[in-house]
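The structure presented is a predicted model; accordingly, all values stated were derived computationally and were not measured. We count ligands from 1, going down the list as the structure has it; atoms in each ligand are counted the same way.
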Amino acid sequence: MNRILLGSVAALGIGIAGVASAQQTFIAIGTGGVTGVYYPAGGAICRLVNRNRAEHGIRCGVESTGGSIFNINAIRTGELEFGVAQSDWQFHAFNGSSRFEDDGPFEDLRAVFSLHPEPFTVVARSDADVTSFDDLAGKRVNIGNPGSGQRGTMDVVMEAMGWTTDTFSQATELPPGEQALALCDNNIDAIIYTVGHPSGAIQEATTACDTVLVNVDNDAIRALVEDRPYYRMATIPGGMYRGTDADVTTFGVGATFVTSATVADEVVYQVVKAIFEDLDQFKGLHPALDILVPEQMVSDGLSAPLHPGAERFYREAGLID
Ligand code: GLU
């Protein structure tokens, strides 16, 4: 759905060249919880897009949502034009596999660019006696809210481990923004968040009470990573969060920016142009974006076809052939 409105200046018939005749196109970006990285990353995208509004007439807004799977579904129904989504769920949505098997392939799903890496991050209370991922069995664990990417990924991991929700003494479904408080109030022993680093939510959990980040590295996880193109082993650097001085080994996915083939080429072109022409500023808007490299952004973790509007910009910029 492209919401097209006549700008008020045009409606008043004031003759300012380029504005009077300009239509406004509204685009909404679906993100995640406000203490994650999707939300500030979406905000950073909109900030750069909106700066050139007088030239292209696009007004960009960001929405906090349940996460990846919600965003993909909302793009499919036309409720959102863009969204941030984990690379594993982009893959499954386009192919109609895993969680998306019942809905069938989302053939109009289009990749725009990839963003930051997202390690599958497990944080446990220091007093919970959790030193490895396997120790979560029998504990009170927040497995994530339905609709989030991390919940979907946790479901896959649980299956690979031979676990069900009954494996835990309690399995909660809190959204990311409520996890830190629940952990520090001792309502749960561990939280799981597939998120870029540093993230506000993990910072909150690790500073508000004594916690440790837990390695997620065993045979089941290694086999998952080996078999699937959208997973890779990942490291969360030691010293990034209070209580965890050593590097943490886990696996991870990539955050990607996606849209639908039904969104106009010109709109996607302008969005991509706004980001890539000012990539240094974009990277400076959140520390998790600092590592972005243009050549990787146009290919890494993208399993749906590139949107033609994005492709046009990348070709002009010499990023693809
Ligand atoms: N990876 C999470 C998800 O797909 C969101 C992480 C974030 O908001 O930064 O639901």
Side-chain angles (χ1 to χ4, degrees), residues 28-46 62-76 80 82-94 98-100 106 109 111-123 142-157 172-180 191-206 213 216 230-232 234 236 240-241 250-258 282-283 285-292 300-304:
I29 301 178
T31 60
V34 296
T35 51
V37 178
Y38 287 8
Y39 185 75
I45 292 171
C46 281
V62 61
E63 286 180 21
S64 172
T65 71
S68 291
I69 293 174
F70 176 93
N71 296 339
I72 291 171
N73 287 332
I75 293 170
R76 194 171 192 163
L80 294 172
F82 291 90
V84 190
Q86 289 180 200
S87 52
D88 48 349
W89 298 114
Q90 179 189 142
F91 177 97
H92 289 305
F94 185 69
S98 184
R99 173 62 47 94
F100 291 93
F106 176 9
L109 183 64
V112 184
F113 48 75
S114 68
L115 289 161
H116 52 282
E118 297 192 273
F120 181 91
T121 306
V122 178
V123 185
N142 189 49
I143 60 173
N145 60 298
S148 69
Q150 72 265 3
R151 171 56 184 279
T153 305
M154 179 59 178
D155 286 341
V156 172
V157 165
T172 55
E173 297 187 319
L174 300 171
E178 292 173 27
Q179 295 197 108
I191 63 176
I192 293 163
Y193 199 11
T194 298
V195 69
H197 295 290
S199 94
I202 305 295
Q203 245 148 10
E204 191 188 338
T206 53
L213 266 66
V216 184
Y230 40 79
Y231 292 148
R232 66 196 59 163
I236 304 166
M240 186 173 262
Y241 298 106
T250 179
F251 79 106
V253 293
T256 69
F257 192 51
V258 295
F282 182 65
K283 287 162 56 167
L285 291 174
H286 193 282
L289 303 175
D290 191 47
I291 38 70
L292 296 182
D300 277 9
L302 306 182
S303 36

What protein heavy atom is closest to [atom], reported as residue, atom name and distance in Å?
atom                   : value
atom 5 (C) of ligand 1 : Y38 CE2, 3.5 Å
atom 2 (C) of ligand 1 : Q150 OE1, 3.0 Å
atom 9 (O) of ligand 1 : V37 N, 2.6 Å

task: List every atom of ligand 1 that sits less than 4.0 Å from any heavy atom of Q86, numbering the atoms from 1 in the order shown and giving each element.
output: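 Taking each heavy atom of Q86 in turn, ligand 1 has 1 (N), 2 (C), 3 (C), 4 (O) under 4.0 Å.
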- request: Using a strict cut-off of 4.0 Å, indicate which atoms of ligand 1 neighbour a heavy atom of S148.
  value: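 Result: 10 (O).
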So, regarding [X] and ligand 1 (criterion: nitrogen or oxygen to nitrogen or oxygen, under 3.5 Å), is there a contact or not?
X    : result
S68  : yes
Y39  : no
G149 : yes
H116 : no
V195 : no

What's the shortest heavy-atom distance between [X] and [Y], and which atoms?
X    : Y    : answer
Q90  : A111 : OE1-CB, 3.7 Å
G36  : V195 : CA-CG2, 4.2 Å
Q203 : Y241 : N-CE2, 3.7 Å
I291 : H116 : CD1-CA, 4.3 Å
T153 : Q86  : OG1-NE2, 2.9 Å

query: With backbone taken as N, CA, C and O and side chain as the heavy atoms from C-beta onward, which portion of Y193 lies under 4.0 Å from ligand 1: side chain, backbone, both, or neither?
result: side chain
task: Report the part of R151 (side chain from C-beta onward, or backbone N, CA, C, O) that has a heavy atom under 4.0 Å from ligand 1; answer both or neither where that applies.
output: neither
message: Against ligand 1, does F70 come closer than 4.0 Å with any heavy atom?
response: no
message: According to side-chain contact (heavy atoms from CB on, under 4.5 Å), who are the partners of R99, at least two apart in sequence or on a separate chain?
response: I69, W89, D155
message: Could you check whether E204 and T35, counting side-chain N and O atoms only, form a donor-acceptor pair closer than 3.5 Å?
response: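 The criterion, which ignores hydrogens and geometry beyond distance, is not satisfied for E204 and T35.
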task: Please work out whether the ring planes of F282 and F113 are parallel, tilted or perpendicular, with thresholds of 30° and 60°.
output: perpendicular
query: What residues, two or more places apart in sequence or in another chain, satisfy ring pair (Phe, Tyr, Trp, His ring centres under 6.0 Å) together with F251?
result: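 Partners of F251 by the ring pair (Phe, Tyr, Trp, His ring centres under 6.0 Å) criterion, ordered by chain and then number, come out as F120, Y231.
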